[in-house]
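As the structure is a computational prediction, the values presented were derived from the model and not from experiment. Whatever order the structure lists ligands and atoms in, that order sets their numbers, starting from 1.
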Amino acid sequence: AQAPVNVTVTGAAGQIGYALLFRIASGQLLGADTPVKLRLLEIPPAVKAAEGTAMELDDCAFPLLQGIDIFDDARQAFDGTNVALLVGARPRSKGMERGDLLEANGGIFKPQGEAINAGAADDIRVLVVGNPANTNALIAQAHAPDVPAERFTAMTRLDHNRALTQLAQKLGVSITDIKKLTIWGNHSATQYPDIFHAEVNGTSGAAAVNDDAWLRDDFIPTVAKRGAAIIEARGASSAASAANAAIDHVYDWVNGTPEGDWTSAAIPSDGSYGVPEGLISSFPVVSRNGSWEIVQGLEIDAFSRKRIDASVQELSEERDTVRKLGLI
Ligand code: NAI
């Protein structure tokens, strides 16, 4: 029998955690043949709630779930782990400046990076979901010098999935008719959802839409501000859809992306498309043999260039801020 894969989830008692853990345990994260052991990390006041979720996981009698351990100590939680989903983060409170937010999250992602460096398995893969996700990933990575840099990624798959549905609904086509959509840049309101390289039943997404005003004034802001719209409607932030995107990201990372398509993920830049090396920025990516690769050779027109540059500029500024704070 296959050895179980150790999956650590931080913020396990939060709302994304609640939507995520059952899907991991059912086999959707890695595949239906792969047994899993869950390692849940929470802060002490939330450990009891995590224990309650673990009771419910037990009560599902998932055949693939081979154990659940709960920790309030990062070193223990990441010991021997193969997949780390860093969901728990410090949310922005009223009056908090961007620098304060990055500093507060540094207090979480620095020790977690150190703990991953100290004890995670050699094949460790890290997905940061907790916001500001790209820069939190950069902080964790900086404190895990023994782990290959490309194992640290941040989630833009939710943005990708949001964009897929907006485009499919506009064109009256199904999701499976659309290939090669891209989210570029930061997981923030500056992100750029690109339909110029997308293919819809063989033609370009932008040509199929043929409506510049919709693209500029409707599609791009709808995708970029969807998180706020969900909060407005639901009274709470996206949780099940975020968990779903985390499942998609890791599943594709481990199992590969389909031939003839790509997806979006924030991974360390190698300088492609003018994105400064080392920034964890969203790109068009394929997964082959367990690694993400940036899709090369796309022509970027002026409309896209301006928007990619603006989002990458924001990432550079976030990196400058965490450098000044001594967090990287
Ligand atoms: P939540 O507030 O319901 O849960 C967060 C959990 O993290 C809490 O249980 C808290 O106790 C825990 N936590 C805090 N500090 C921790 C630490 N140092 N170690 C372990 N656990 C810790 O929040 P929710 O809704 O689950 O969202 C989590 C994060 O995901 C937020 O930062 C949110 O902004 C982000 N998010 C990211 C998305 C993306 O597309 N990248 C989409 C949606 C949410």
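In this structure, a donor-acceptor pair under 3.5 Å is absent between the side chains of E150 and S291. Remark: the D248 side chain and the N161 side chain contain an N/O donor-acceptor pair separated by less than 3.5 Å. H249 and T153 are linked by a side-chain donor-acceptor pair at a separation below 3.5 angstrom, with hydrogens and angles left out of the test. Remark: the S174 side chain and the D177 side chain contain an N/O donor-acceptor pair separated by less than 3.5 Å. Side-chain N/O atoms of T156 and D159 include no donor and acceptor closer than 3.5 Å. Side chains of Q166 and D218: no donor on one and acceptor on the other come within 3.5 Å.
Protein heavy atoms all stay at least 4.0 Å away from atom 2 (O) of ligand 1.
Here the heavy atom of the protein found nearest to atom 18 (N) of ligand 1 is I108 CG2, 3.5 Å. Scanning all protein heavy atoms for the shortest distance to atom 26 (O) of ligand 1 gives I16 N, 2.9 Å. Distance from atom 16 (C) of ligand 1 to its nearest protein heavy atom, with residue and atom name: I43 CG2, 3.5 Å. The nearest protein atom to atom 5 (C) of ligand 1, hydrogens excluded, is given as G14 CA, 4.2 Å; this is a heavy-atom distance. Annotation: atom 19 (N) of ligand 1 to nearest protein heavy atom, Q112 NE2, 3.5 Å. For atom 33 (C) of ligand 1, the closest non-hydrogen atom on the protein side is N131 ND2, 3.8 Å. Nearest to atom 40 (O) of ligand 1 among the protein's heavy atoms is H187 CE1, 3.0 Å.
Taking every heavy atom of both residues into account, N117 and H143 meet most closely at CB-O, 3.7 Å.
A ring-centre distance under 6.0 Å is not found for W184 and H197.
The shell of residues lying under 4.0 angstrom from ligand 1, judged by heavy atoms, includes S237. Not a single heavy atom of A239 sits closer than 4.0 Å to an atom of ligand 1.
Among the atoms of G11, some N or O lies under 3.5 angstrom from an N or O of ligand 1. Between E42 and ligand 1, a contact under 3.5 Å exists for at least one N or O pair. Any N or O atom pair closer than 3.5 Å counts here, and S238 shares no such pair with ligand 1. Here's the thing with T10: none of its N/O atoms is less than 3.5 angstrom from an N/O atom of ligand 1. Taking any N or O of A89, backbone or side chain, none lies under 3.5 Å from an N or O belonging to ligand 1.
For ligand 1 and V87, the ligand atoms under 4.0 Å from any heavy atom of the residue are 28 (C), 29 (C), 30 (O). Taking a cut-off of under 4.0 Å to the non-hydrogen atoms of A242, the atoms of ligand 1 that pass are 42 (C), 43 (C). Close approach of ligand 1 to A13 is summarised as follows: ligand atoms under 4.0 Å from at least one heavy atom of the residue are 9 (O).
Under 4.0 Å is where a charged nitrogen must lie from a carboxylate oxygen, and between R157 and D252 at least one such pair does.
Residues V285 and V312 share a hydrophobic cluster, clusters being chains of Ile/Leu/Val/Met/Phe/Trp/Tyr side chains in contact below 4.5 Å.
Stacking of R307 on the aromatic ring of F303 is recorded, both the 6.0 Å distance cut-off and the 45° axial limit being met.
Under the 3.5 Å distance criterion, the side-chain polar atoms of D261 are left unmatched by any main-chain donor or acceptor of P258.
Scanning N161, L158, V129 for the heavy atom closest to atom 41 (N) of ligand 1 points to V129.
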